[in-house]
Amino acid sequence: MDTPNFTPVTEDELHALLDGQLTGAEQAALQERLAQDSAAHATLVAWRAQREALRSLHGSLRDEAIPPTLLAAAQRAAGAWDQLDHWWRLSGVAAGVVLAFGVGWLAHGGYDHAQALRPGVVQALDKARAGQEFAHQAAVAHAVYAPEVRHPVEVTAAQQEHLVQWLSKRLGKPLKIPDLSAQGYALVGGRLLPGDDGARAQFMFQNTSGERVTLYLGAVTHDATNAHATGEPGNGRGETAFRFSTDGPVPRFYWIDQGFGYALAGQLPRESLMKLADAVYQQLEPAR
């Protein structure tokens, strides 16, 4: 039963607790209030479960031994950075296999880093893996919220100014919502999500047919600065080059810029999704 001085726990407080942004004293005080707020406690448990589910995706693959063929390919690429770039260009299929599976093996001790690869290659693979994980989390978040009928977003498009200010504050970076009306998509709204490196944001858009796409944003500790683009718009942008991924529930285009990630996800043909991603990039570029 609530005490006379009981104050309900807010979502901002739950996010701060989940993101590890509270001091020991603040956390203890909030835990006492959570013991009296069953609804807030249930929300916190659900958010924690979602975060762990995102982190555990394909975890078993990362613990397997690295295949000799992938290791041999990495060794051949270890000469210099230009060799690494050449390696990414050799085969779109081979590069995709390495990014999807090999990065996990390389990063989890399946071999001796010092003996097998030069440090620069290991660093590049670690960065590529971080980008892949970010993009996969974007796809999972899309799959969770895009089908929602009554509560697809936390803050609707009617409160767009508040939405931008709120999420900008939580992510620690000025955000801008792209206008996709020329492409036939209107803003539905957005929400705050937990991420491996702190808070993440999701903006949702919908066309007249009810098809939805989501833009997922947030900090990425290791950005894929030296991973080469795969022939999409953005070639020559270096760090900000587009990358396309289909592992997981929905396809998406993603890019990393100065440690901050962007991923546009949706059940659309590759060409349609690419045009939307390029429209998003073109509008966000001036704000970088």
Side-chain angles (χ1 to χ4, degrees), residues 92 131-132 134-143 145-147 152-153 155-161 163-168 171 173-193 195 200-220 223-225 227-288:
Q132 280 283 322
F134 173 84
H136 202 118
Q137 290 165 8
V140 172
H142 176 95
Y145 295 110
V153 296
V155 180
T156 66
Q159 298 177 287
Q160 181 171 334
E161 183 176 352
L163 174 64
V164 173
Q165 292 176 349
W166 172 48
L167 293 180
S168 295
L171 270 66
K173 178 182 177 68
L175 301 181
K176 176 183 178 182
I177 301 177
D179 181 0
L180 299 181
S181 57
Q183 289 75 31
Y185 284 82
L187 178 69
V188 177
R191 66 170 61 246
L192 183 69
L193 294 171
R200 301 258 172 91
Q202 182 192 66
F203 296 122
M204 185 178 296
F205 304 84
Q206 179 174 304
N207 64 13
T208 56
S209 300
E211 184 67 49
R212 288 172 172 172
V213 295
T214 54
L215 177 62
Y216 184 80
L217 310 92
V220 181
D223 56 83
T225 304
H228 198 275
T230 55
E232 309 301 343
N235 257 349
R237 293 174 181 160
E239 174 181 11
T240 57
F242 286 178
R243 290 156 183 88
F244 181 69
S245 185
T246 57
D247 67 302
V250 293
R252 61 272 183 200
F253 277 95
Y254 67 100
W255 61 100
I256 313 292
D257 187 1
Q258 300 180 17
F260 202 81
Y262 306 80
L264 189 75
Q267 284 290 10
L268 297 175
R270 179 186 177 113
E271 294 76 13
S272 300
L273 193 61
M274 181 178 67
K275 291 179 181 179
L276 285 173
D278 193 55
V280 170
Y281 177 86
Q282 295 297 336
Q283 293 185 50
L284 296 185
E285 182 179 17
R288 292 191 291 124

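All values below were derived from every heavy atom in this structure, side-chain atoms included, with hydrogens, water molecules and symmetry-related copies excluded. These numbers were taken from a predicted model, which means no experiment stands behind them.
Side-chain contact between Gln132 and Ser245: present, with at least one pair of heavy atoms (C-beta onward) separated by less than 4.5 Å. Here the side chains of Phe244 and Met274 are not in contact, with every heavy-atom distance at 4.5 Å or above. Using a 4.5 Å heavy-atom cutoff, the side chains of Arg200 and Leu171 are not in contact. Inter-residue side-chain proximity for Glu211 and Leu268 is flagged as met; some heavy-atom pair is nearer than 4.5 Å. Within the 4.5 Å cutoff, no side-chain heavy atoms of Val153 are placed close to those of Gln202. Counting heavy atoms from C-beta outward, Leu163 and Phe203 have side chains that approach closer than 4.5 Å. With a 4.5 Å cut-off on side-chain heavy atoms, Leu193 and Arg191 count as touching.
The two residues Ala277 and Leu264 come nearest to each other via the heavy atoms N-CD2, 3.4 Å. The two residues Thr246 and Pro251 make their nearest non-hydrogen contact at CG2-CB, 4.2 Å.
Ala265 is linked by a side chain to side chain contact (heavy atoms under 4.5 Å, CB included) to His142, Thr214, Val250, Arg252, counting only residues two or more places apart in sequence or in another chain. Qualifying side chain to side chain contact (heavy atoms under 4.5 Å, CB included) partners for Ala157, counting only residues two or more places apart in sequence or in other chains: Leu187. Residues passing the side chain to side chain contact (heavy atoms under 4.5 Å, CB included) test with Ala263, sequence neighbours excluded: Phe134, Ala138, Tyr216, Tyr254.
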* Pair Phe253-Val280, side chain to side chain contact (heavy atoms under 4.5 Å, CB included): steps then yes or no -> CA-CA 11 Å; Phe253 277 95; Val280 170; over 6 Å; no
Apply the test side chain to side chain contact (heavy atoms under 4.5 Å, CB included) to residues Asp179 and Ile177: give CA-CA distance (whole Å), side-chain angles for both, the deciding distance (0.1 Å), then the verdict. CA-CA 7 Å; Asp179 181 0; Ile177 301 177; over 6 Å; no
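In this pair, Trp255 and Tyr281 present their aromatic rings perpendicular. The plane angle is above 60°, beyond the 30 to 60° band.
Between Phe260 and Tyr262, the gap from one ring centroid to the other is short of 6.0 Å.
Formation of a donor-acceptor pair under 3.5 Å by the Ser168 side chain with backbone atoms of Leu175 is found in this model.
Remark: of the listed residues Gln183, Gln282, Gln283, Gln283 is the sole one forming a side chain to side chain contact (heavy atoms under 4.5 Å, CB included) with Pro178.
Cation-pi geometry between Arg212 and Phe205 is not met: the NZ or CZ atom fails to fall both under 6.0 Å from the ring centre and inside 45° of the normal.
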